[in-house]
Asker: 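Next up is a structure, given as structure tokens.
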Amino acid sequence: MEQSSETVTSKKRLAFNQSTSSKPSKVPRLVTPTNSDMNKTKNDVKNLGLSTIPRSQKITDDIKTDFSETINEIQYIFIEGQKKLNKLLNEVLQVDDRGTPNSATQTSDKPLNGDANMQYSPVQSDLKTTEVANTESEGDNSPILTSLDATFQILPEYEDKICQTELTYERCRCLAVSGYKDKVCQTEPEFQNCFNDLSAHNRANAYYQICLNSETSPRTSSEEGDLESPRTETNHGMLPHCILESNLNSVQSSLTCTNENACSGSRKLPPELFSRFLNHLEDYLASFCTEQFLQTWDGMEQQNMARKHHNPEAELISRYKQEMALRRKYHNQLMKIKGNIRVFCRIRPLDPNIEGTNEDCVYISPDNKDVVLVKHRKKLLNFEMSLVFPQDCTQSQLFEEVESLITSCIDGFNVCIVAYGQTGSGKTYTMEGTLTDPGINPRALNELFNEISAKHDWIYSVYVSMLEIYNEQIRDLLSIEQSKLEVWNIEGQNSIRQKANSLLEVNEMYLRGKKNRVTAPTNMNSASSRSHTLLLVEVEGQNVITNTRTKGKLYLIDLAGSENVVKSGVDGQQLKEAGFINKSLSTFCDVLNAIIMKKPHIPFRNSKLTHLLQDSLGGNSKTLLITQVSPSMLHLTETLRTLQFAQRLQSMQIGDTPIRSREKVNNTENNGMENETTELKTPNAERSRESGQLQPRFASLHTVSTPRVSNGKFKKRNIAKQYRQ
Ligand SMILES: Nc1ncnc2c1ncn2[C@@H]1O[C@H](COP(=O)(O)OP(=O)(O)OP(=O)(O)O)[C@@H](O)[C@H]1O
């Protein structure tokens, strides 16, 4: 802590050199810090001579403890310094006119100040000094007393400076307190000036106070000129300025001792020596405090860096990253699936009311749970699916395999979940379920709202439409009139979609739509759907951080059942219905076939159903076909037809098909989305490339191994033949 003369000069008395003109002025309105304020470094602070303070921040307990510890350290070093000062004092006092130690040396051995609560009282001290000076001057006109007179002239001046500094400090502190009440940073020039006016040790103290006040001051409204906050002497003990005052008082009392016993004899103190002493004292304290202040600041800055997550912005970004990771996880799950289409098969339980005692002909292969075995003319035909659900499968087990598609829709993909199969095979049961055991539709809506409500970084709008294609006419199941809408009007018809603000609302809409469906009893099903039902959920999202926008569609489709009109025993109106149903189902199959065959023309417009689904079949859309079959021998022919179609779809690469009417999203609005879709498309692109490379190698295999799927034995024989070759 020894200071060189250069250091002494360079650190020239901060408190004295910066003359304070601390006229009380109106407290300025404090403003939020600018970015440049945030970027101030320790060096800036050094260059500015501690003229600024760090940005407003929540001082955590750790920082407070850290600061308290630093202050304790300061105290300790100050006490050590005090001993040094005593020594210095002795040196000064030794240089008297006799050149011998005087009684002040003994005085310095006892603690000069141990009173932590000692309050500085410049007025009292000043009076005392004046009184002593007067007394002395009255009794003796010796040169010693003249010297002392000169000394006393310095002391009041010094005290005055201290007093001014204290006032400035107080004003500064009040500004800080009122600033923290507003939770804003103190960057106003006046505050800076006040802070500049403080001596280094008081800056440290002020800063400490600010830190404490930021935690302890009541969060009441900050009125301009709120200077009334009492200065709190906290329990952190003796503050540096108190120690300085103590030192000064001790020095002063030593020098101006009025106690006859303690100060026997006269003392001489050359003014220049006393002045030198003060310089030493001041430089010592100022440089020490500056150093401590900077160190502490540095430490706090580091801690703040470590606590960056307290910054809500950083928190959001981190949450957003987590979100992106979740997205990738789900997306990768989907990418593991071959192609963008999955084909499930669900075997419903036998219904004794319809199928009687007919024996089962549909099983799950014991060797491979994804293979359906069908007993046909004493042979077992096998059909491989993405997943097969047995008769005892529950609704929730099925939904577990579906729910990742809901996430895809939220992520901005078009998703199409279609239940397909002959009449009475369980399509409606799978999609709608019952009140006690809900199916995919209500579970999907529930999942959708659960997921979007958990994503706090996004704002979502959900729109619901419920349509029915009955006899090739599209009806709006949610409208009261159930008005007939032409398919080509649909994209522009915002009236058919209704905004759902909550799960409650969407469930209400869904139940309303369900009631409006057309059903009729047939031989095959007591409540047969006579139409295709489409529940369309559009999810539009906006990321509040990146402004990314997403737009996904989720089609939940319960197709009308393919029907053997002879078996179902329909006639009249129902026969006409069956004609439309079978025709549109056949178009649906044609469209999917054309996609499989990569034909240049896809007959989307041949039916209202495929026209509607145009933007959700192909491209990056996800399609899930749930093939429903009855296990009964009674429906063998229909079951075989259904499974053959399903198996063909299972092998198709729907993702390579160009999308015809993909919605163009405004580029300016959708920059973030563009990035995201690029990222999300990458695995697809890679997979396409990969499949392109693999294709030549497997081309021959493909032609040979593509079996007449109606005959599992034939398929096996062909594969065996190929291997033999
Ligand atoms: N997995 C299942 N578990 C229990 N019952 C089922 C299951 N699947 C279907 N059912 C029952 O079978 C009957 C016919 O089912 P559903 O109405 O869902 O057939 P569908 O394929 O929708 O027929 P349609 O095409 O004629 O509307 C219903 O009584 C239904 O409750």
Side-chain angles (χ1 to χ4, degrees), residues 344-356 358 360 362-364 372 387-402 417-443 468-471 477 513-535 556-571 573-586 588-589 609 625-632 634-635 638-639 641-643 645-646:
F344 291 175
C345 177
R346 185 178 194 182
I347 308 166
R348 76 151 163 79
L350 265 182
D351 185 347
N353 294 330
I354 299 172
E355 284 122 6
N358 260 291
D360 284 10
V362 181
Y363 313 93
I364 293 180
V372 181
L387 274 175
V388 180
F389 296 91
Q391 295 184 28
D392 58 354
C393 142
T394 63
Q395 300 280 51
S396 64
Q397 280 169 343
L398 179 75
F399 187 70
E400 269 175 32
E401 299 297 333
V402 173
I417 302 174
V418 188
Y420 171 84
Q422 78 165 129
T423 181
S425 57
K427 297 180 297 295
T428 309
Y429 183 85
T430 292
M431 296 309 289
E432 291 184 2
T434 59
L435 272 181
T436 49
D437 203 3
I440 290 175
N441 291 358
R443 286 174 196 265
E468 180 180 61
I469 304 175
Y470 177 71
N471 289 354
L477 293 178
K514 246 173 72 168
K515 269 191 211 158
N516 292 329
R517 284 191 68 180
V518 176
T519 58
T522 67
N523 291 348
M524 308 280 288
N525 188 352
S526 58
S528 177
S529 315
R530 308 312 292 162
S531 60
H532 308 302
T533 310
L534 295 86
L535 173 62
L556 298 163
I557 304 168
D558 177 10
L559 290 178
S562 58
E563 189 166 345
N564 182 327
V565 288
V566 179
K567 269 192 196 169
S568 59
V570 292
D571 54 13
Q573 176 63 20
Q574 287 186 11
L575 188 63
K576 190 182 162 198
E577 284 168 4
F580 278 115
I581 292 167
N582 287 344
K583 185 174 176 286
S584 67
L585 282 175
S586 138
F588 181 66
C589 295
L609 173 71
L625 189 85
I626 304 174
T627 311
Q628 293 283 153
V629 289
S630 153
S632 169
L634 197 67
H635 307 301
E638 277 298 318
T639 302
R641 193 174 297 156
T642 304
L643 290 173
F645 174 67

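Predicted model only: the values in this text are computed from it and were never measured. Order of listing sets the numbers, starting from 1, for every ligand and every atom in it. Every heavy atom of this structure was used, including side-chain atoms; hydrogens, water molecules and symmetry mates were not.
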Asker: Return the minimal non-hydrogen interatomic distance between Lys427 and Ala560, and the atom names on each side.
Answerer: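 What the structure gives for the nearest pair is CE-C, 3.8 Å.
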
Asker: Quick check on contacts: which atoms of ligand 1 are under 4.0 angstrom from a heavy atom of Gln422?
Answerer: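 Matching atoms, with element in brackets: 21 (O).
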
Asker: Using every non-hydrogen atom in the two residues, find where Ile626 and Arg346 come nearest and quote the distance to one decimal.
Answerer: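 So the two residues come closest at CG2-CB, 4.5 Å.
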
Asker: Does Thr627 use its side chain to pair, donor to acceptor, with the backbone of Phe344 at less than 3.5 Å?
Answerer: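 Yes.
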
Asker: Would you check the N or O atoms of Asp351, main chain and side chain alike, for any that come under 3.5 Å of an N or O of ligand 1?
Answerer: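 In fact, backbone or side chain, Asp351 has no N or O that close.
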
Asker: Within a strict 4.5 Å, meaning less than it, do heavy atoms of the Gln395 and Thr434 side chains meet?
Answerer: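 Not in contact.
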
Asker: Side chain, backbone, both or neither: which part of Ala419 has a heavy atom under 4.0 Å from ligand 1?
Answerer: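 Near ligand 1, Ala419 shows nothing, with every heavy atom at 4.0 Å or more.
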
Asker: Once rounded to the nearest 0.5 Å, what's the spacing between atom CG of Leu585 and atom OG1 of Thr642?
Answerer: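 Atom-to-atom, Leu585:CG and Thr642:OG1 are 9.5 Å apart.
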
Asker: Less than 3.5 Å between some nitrogen or oxygen of Thr423 and one of ligand 1, yes or no?
Answerer: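 Between Thr423 and ligand 1, an N or O pair is found under 3.5 Å apart.
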
Asker: Once rounded to the nearest 0.5 Å, what's the spacing between atom CZ of Arg443 and atom CG of Asp437?
Answerer: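 The CG atom of Asp437 is 6.0 Å from CZ of Arg443, to the nearest 0.5 Å.
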
Asker: Can you sort out the partners of Phe645 under side chain to side chain contact (heavy atoms under 4.5 Å, CB included), two or more places apart, ordered by chain and number?
Answerer: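 For Phe645, the residues satisfying side chain to side chain contact (heavy atoms under 4.5 Å, CB included) (neighbours in sequence not counted) are Tyr420, Cys589, Leu592, Leu625, Leu649.
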
Asker: Just go through Tyr429, Tyr420, Phe389 and tell me whose heavy atom is the nearest to atom 31 (O) of ligand 1.
Answerer: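 The option holding the nearest heavy atom is Tyr429.
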
Asker: Can you tell which part of Arg346 has a heavy atom less than 4.0 Å from ligand 1: side chain, backbone, both or neither?
Answerer: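 Just the side chain.
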
Asker: Is ligand 1 less than 4.0 angstrom away from at least one heavy atom of Pro349?
Answerer: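 Flag set, Pro349 near ligand 1.
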
Asker: If we only count N/O pairs under 3.5 Å, is Asp558 in contact with ligand 1?
Answerer: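 No; the residue has no nitrogen or oxygen that sits under 3.5 Å from a nitrogen or oxygen of the ligand.
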
Asker: Ignoring angles and geometry beyond distance, decide whether Leu559 reaches within less than 3.5 Å of ligand 1 through its nitrogen or oxygen atoms.
Answerer: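 In fact, backbone or side chain, Leu559 has no N or O that close.
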
